[in-house]
Every structure is written in structure tokens, then in C-alpha cells.
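Accompanying notes for the structure given below.
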2 protein chains.
Amino acid sequence: MAKTSDGRGNKDKPVERSTNGRQKLMEAALELAATTRSLASLGLREVARHAGLNPNTFYRHFKDFDDLGVAMLDELGTELRAGLREARMRPAKKGFRLSDFSNPAEGLAQAQALARESVGLVLDFVMDHREAYTVGIRELHGTSAVMRQAMQGLLDGIATDMTEDLLGVLMLPAVSHEELTAVARVIVRQMVFFSMDYLEQPSRHAEIKREAERFILLLFWGAIAARAPDLLSQANLKFPKV
Amino acid sequence: MAKTSDGRGNKDKPVERSTNGRQKLMEAALELAATTRSLASLGLREVARHAGLNPNTFYRHFKDFDDLGVAMLDELGTELRAGLREARMRPAKKGFRLSDFSNPAEGLAQAQALARESVGLVLDFVMDHREAYTVGIRELHGTSAVMRQAMQGLLDGIATDMTEDLLGVLMLPAVSHEELTAVARVIVRQMVFFSMDYLEQPSRHAEIKREAERFILLLFWGAIAARAPDLLSQANLKFPKV
DNA sequence: TCATCGGGTATACAATCGTCTACCTGCACA
DNA sequence: TGTGCAGGTAGACGATTGTATACCCGATGA
């Protein structure tokens, strides 16, 4: 996990001790980047100063700012991903299980509930980690190719998780695996924007949630209609109000 | 248009002369920002040097980097917007006109053609202005609140244009104006990502075009199915291959 | 017990930065 | 005719930057 460049004695002891300065630097960088500027354009001295450390201590732990960025993304990214998966499993444990669409009306109703829960989940997470989110998204289109790629990888990873979880819970009729993956990617990326709106416009929270939810449902509805248009009209299903 | 702060003699003469240095600075900033770093973190001297001018000349034209950024976005943004509108009008002149969905099959086929044309249009534009696009998107999530707001305004403006143009050409059944606006917003934002993919992965150009096109169609299909599910099944329409 | 080494510090240096003040030049207008 | 001003230049200022070299300490393992 860590790349502790032990010149000697690389036994199988991870040697996790004294991650004090390293952690301090990462936290300082996060705070500074969130309020001041992009990660890549942070000053080495600036970060060290804000962490209460000597400028040169930076070199002990990181060689680049890319290096620090990737480390941060590693830490927070896995946390986010784990949190999302775990939370997505929660409703399943509450007996929230919709196998096939043998009862389409009920199936879609529960799909809507699932969408609502997921949207709330993501937006809550973003609110709880707004600094990390702000900085991360900045790097998504930033100048560092390394960070850009890492962030895109994280988003795609989330989309993959989402696809797999969905497949275990929701058997969409006639929607193939690749199709579902594409839809998940699109949703994850769109949530980037919705999250931004959510952070920047606290007064519109409810409205933004509705918009996001509606967007997701529209996509799934389209996917179903594209593959099994009969399903919708036969059951005389109405698109939910949202 | 320009804010030539004439202390005296503000007759109705715009006085457009000698925009030489100003233009040079903007071009230099664009080039530097595209290759080096974010706009906001550019050096004043750096830009001036790259423009072959004295550092102090910067102050003659701009007071901030935000100031310069907004000026650039003004110039390129209106160009993009005009280009898109004009190009979207082109098919309409070719007799490409689908009023209502009295013939749903034909209507949707032409909607697909319209989607394809629009996607190609945007992606071509991005390829032709990759520097400006790269820098602009960087600022969309950047540190400068001024630039962020300006970029979001541009995107929303494009979405509005798109909605109006669509309303003149394509009467989607039972899809309200606000609904169409929401869909347009979502499409425009998603195109940001597709454009990024397009720039970064030249080998997947055709594939990305297909994905974008498919995404748009899926949305419209969903919107139609949500409001008029009968339309799709009655006419026994198949979702296009894409 | 003692050498090794990771983590942290101190100092120094050249480069670059933003900005201030001053000076130059050629139009425009009265 | 000549005055004012926008546009551009020159030089200097203190501050801050990244980095190189050298020193320090406490734990660890032989």
C-alpha cells in the first residue's frame, strides 16, 4: 500500500508507525486547496507552513505534488467507494429485493425508491466531505495528467460498483450488462454536476434532489422503453411524478 | 461591449482602435493556460513575456486574471454559441423539418439524425478549439468564483439555445417546455465529459460519438415514454440501433 | 552498545514573482 | 497649436518560491 522505500529489511512488516508528518501535510494540502487554489499550484512552503512543519519535510514523504495528490485520492477515494457500496447494500438488507419485473408496477416503484436513496446518499456524502469533493473535482479537469487519470479511474470504479450492485438487486428486463454500465457511467458523471449545484445552492437542495432523481429515472425508463416498449404500455404504467 | 473607461467624451463612438496588446495578452494566456496550468495561477510576468510585452502592459488592459478570463470567455463563448446555433439551423434549411409526431416513426428517425448532427457538431467544435475548451472546462470547477459562474452561465445559455431551437423544429409530444429545458441542461453537461473523452482518446472517436448519440436518444426516448407510452408501442417503434 | 537510518530542522541561494514610480510616444480633439 | 491621455517601456523593491547541503534526534536491530 505505502511505498516506504526501505532500502533494507523489506520483510513482510508494513511498518505503519509515525505517519504523523505525512498525514499533517496531506490535511494541510486539502484545507489549502479547498479554500485557496488548485492542488498542483500549491506552494510547497505554503503547505508545510500551514502544517506547522519545515518546508523540507515535504521531500521526506512526497517527491511531487502529484505524488501527494494521488495519496490523498487513494485515501479518500476508497473511503467514498466503500461508503457508497455499504450504503447501497443497506436497503437490500431491509428486504428490499426486486428480482425480475414479473410485477412491473411494483418493480418500477421500488426502482424509484432505490434511485431516491442513492441520490440522497451521494449528496449527503458530498456535503460531509465538501473539501475533498471540491478539490477532487478540480483535479478531474486539472492540469496534472496523473491526477486527471486517477480521478477518472475513481469515477469509473464507482460506476462499476454501481452496476454490479444494481445487477444483484434489480433485474432490468432486456437491458444488457454493457448497456447498464454505460448508463451507470453517465449517471455518475452527471452526479458530479448535481453535487456541485448541491454544494453551491443550499436553498435549492430539495429541488436538486428531485432533478437528479428524475434524471436517473428518465434514463432507466428510456432504457426499458428502448428494449421492451410493451412492458410500459401493457401494464399501463405511468411515469412517477417525482 | 468593451469597457473602455473613457473619463471624458463618452459620445456614442465605441472607439475600437488599437486592440493589439490586449489581444496578444489574451492569446498568450490561452496558450500558456492550455499547456501549463490553470488560468488563475498563471504568472502576470509569464503571460507578458510569452506575449512579447512588458509586464506592466498587463495593467493597462486588465486589473485581474479574472478580468482577463472573463474577457476571453466572452469572446470565445459567444463564438461557440453563435457557431452552434448557426449550425443547428443548417439542417432546418435543408427542408429538415419535423413538426408534430403525426408520423412517429419518421419523426423519431429524424430526431436521431438531428441528434447525430448535433453531437458531431459539438465534438468538431471542441476539436477545432481544444485549447479554449481545455482552459474553459478547467475554470468550470476552478477556484475563481467569477470564472465558475461565467462558465456555468455559458453552459446554461447553450442549453437554452438548444431548447429554443429544438422547440422550433421538433415538437415532442407531451413534453413540456421546462421538461425540455431540464433535458437540454443535462445533455449539455454530459457533453462536457464526452468532449473530454473525445479530446483525450482519438482512437475511440467513432465509439464516443455513438455513446453520446445513444445517451441523447435514450433521454428523449425516456421523456416520450414517460409522457406518452402509447406512442411507442402503438406504432411498434423499435429503438434505433445507433 | 553502537552504527544506521527515517523523520525533522536550519540555513542559504538564485530565481521569480507582483507592484510601484517614472518616462516615452503618437493620436485625438479643442 | 498644443494639451491630454491611452498604450507601451524601463528599472527597481521586497517578498516568496523550490531546492541543495548539512546537522540533529530517537528508535531499531545486530
Side-chain angles (χ1 to χ4, degrees), chain A residues 1-29 32-33 35-69 71 143-144 146, chain B residues 1-29 32-33 35-69 71 143-144 146:
Chain A
M1 176 175 288
K3 47 173 173 177
T4 56
S5 59
D6 278 78
R8 188 264 308 266
N10 48 358
K11 301 287 178 64
D12 24 355
K13 275 195 280 182
V15 197
E16 195 75 20
R17 68 167 192 283
S18 89
T19 15
N20 205 338
R22 185 182 168 95
Q23 210 67 22
K24 272 193 203 165
L25 282 173
M26 284 172 51
E27 287 168 12
L32 278 178
T35 61
T36 314
R37 48 168 60 89
S38 146
L39 242 192
S41 72
L42 277 183
L44 172 155
R45 294 180 105 108
E46 194 182 1
V47 174
R49 197 185 316 135
H50 192 260
L53 294 175
N54 189 280
N56 279 319
T57 310
F58 185 90
Y59 291 123
R60 303 287 179 195
H61 302 284
F62 312 102
K63 65 179 242 291
D64 249 352
F65 263 82
D66 277 352
D67 199 8
L68 181 144
T143 24
S144 158
V146 177
Chain B
M1 178 174 285
K3 48 173 171 176
T4 57
S5 60
D6 278 78
R8 188 263 308 263
N10 48 358
K11 300 287 179 63
D12 25 356
K13 273 196 281 183
V15 196
E16 194 75 20
R17 69 168 191 284
S18 89
T19 15
N20 205 338
R22 186 183 169 94
Q23 210 68 22
K24 273 194 203 165
L25 283 173
M26 283 172 51
E27 288 169 10
L32 279 179
T35 61
T36 313
R37 49 166 59 88
S38 146
L39 242 192
S41 72
L42 276 183
L44 172 154
R45 295 181 103 108
E46 194 181 2
V47 174
R49 197 186 316 136
H50 193 261
L53 294 175
N54 189 281
N56 279 319
T57 310
F58 185 90
Y59 291 124
R60 303 287 178 194
H61 302 284
F62 313 101
K63 67 178 239 291
D64 250 351
F65 262 82
D66 276 352
D67 200 8
L68 182 144
T143 24
S144 158
V146 178

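Quick note on labels: first sequence line is chain A, next is B, and so on, each numbered from 1.
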Please state how far atom [atom1] in [X] lies from atom [atom2] in [N], giving the value in whole angstrom units.
{"X": "A/Glu46", "N": "D/dA15", "atom1": "CD", "atom2": "C1'", "result": "14 Å"}
{"X": "B/Lys63", "N": "C/dG18", "atom1": "NZ", "atom2": "C1'", "result": "15 Å"}
{"X": "A/Asn20", "N": "D/dA27", "atom1": "CG", "atom2": "P", "result": "14 Å"}
{"X": "A/Leu68", "N": "D/dG18", "atom1": "CG", "atom2": "C1'", "result": "16 Å"}
{"X": "A/Arg22", "N": "C/dG7", "atom1": "CZ", "atom2": "C1'", "result": "13 Å"}
{"X": "B/His50", "N": "C/dC17", "atom1": "NE2", "atom2": "P", "result": "13 Å"}
{"X": "A/Leu42", "N": "D/dT16", "atom1": "CG", "atom2": "C1'", "result": "15 Å"}
{"X": "B/Phe65", "N": "C/dT19", "atom1": "CZ", "atom2": "C1'", "result": "13 Å"}

Quick one, which residues of residues 52-60 of chain B touch DNA chain C with a heavy atom under 4.0 Å?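 B/Asn56, B/Tyr59, B/Arg60 - these, ordered by number, are the residues of the stretch whose heavy atoms sit under 4.0 Å from the strand.
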State whether A/His61 places a side-chain N or O below 4.0 Å from either non-bridging phosphate oxygen (OP1 or OP2) of C/dG8.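 For A/His61, the contact criterion (side-chain N or O under 4.0 Å from OP1 or OP2 of C/dG8) is met.
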Taking only side-chain N and O atoms of B/Arg49, does any of them lie within less than 4.0 angstrom of OP1 or OP2 on C/dA15?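 So the side chain of B/Arg49 is outside the cut-off, no N or O lying under 4.0 Å from OP1 or OP2 of C/dA15.
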Rounded at 0.5 Å granularity, tell me how far [atom1] in [X] sits from [atom2] in [Y].
{"X": "B/Glu46", "Y": "B/Leu44", "atom1": "CD", "atom2": "CG", "result": "10.0 Å"}
{"X": "B/Leu25", "Y": "B/His50", "atom1": "CG", "atom2": "NE2", "result": "12.0 Å"}
{"X": "B/Gln23", "Y": "B/His61", "atom1": "CD", "atom2": "NE2", "result": "10.5 Å"}

For a quick check, tell me whether the side chain of A/Arg45 and the base of D/dT19 share a donor-acceptor pair closer than 3.5 Å.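 It does, because a donor-acceptor pair links the side chain of A/Arg45 to the base of D/dT19 below 3.5 Å.
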So which heavy atom on [X] is nearest to which on [Y], and how close?
{"X": "B/Pro55", "Y": "B/Arg45", "result": "CB-CG, 4.2 Å"}
{"X": "B/Arg22", "Y": "B/Ala71", "result": "NH2-CB, 3.8 Å"}
{"X": "A/Ser144", "Y": "A/Asp66", "result": "OG-OD1, 2.7 Å"}
{"X": "B/Val47", "Y": "B/Ala28", "result": "O-CB, 3.8 Å"}

Could you work out how much the helix from C/dT1-D/dA30 to C/dA30-D/dT1 bends, comparing the axis of its first five pairs with that of its last five, to 10°?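 Roughly 10°, once rounded to the nearest ten degrees.
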Applying side chain to side chain donor-acceptor pair (under 3.5 Å), can you list everything that pairs with B/Thr57, at least two apart in sequence or on another chain?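 For B/Thr57 there are no side chain to side chain donor-acceptor pair (under 3.5 Å) partners, ignoring immediate neighbours.
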With side chain to side chain contact (heavy atoms under 4.5 Å, CB included) as the test, would you mind laying out the steps for A/Leu68 and A/Phe58 before giving the verdict? CA-CA 9 Å; A/Leu68 181 144; A/Phe58 185 90; 3.7 Å; yes
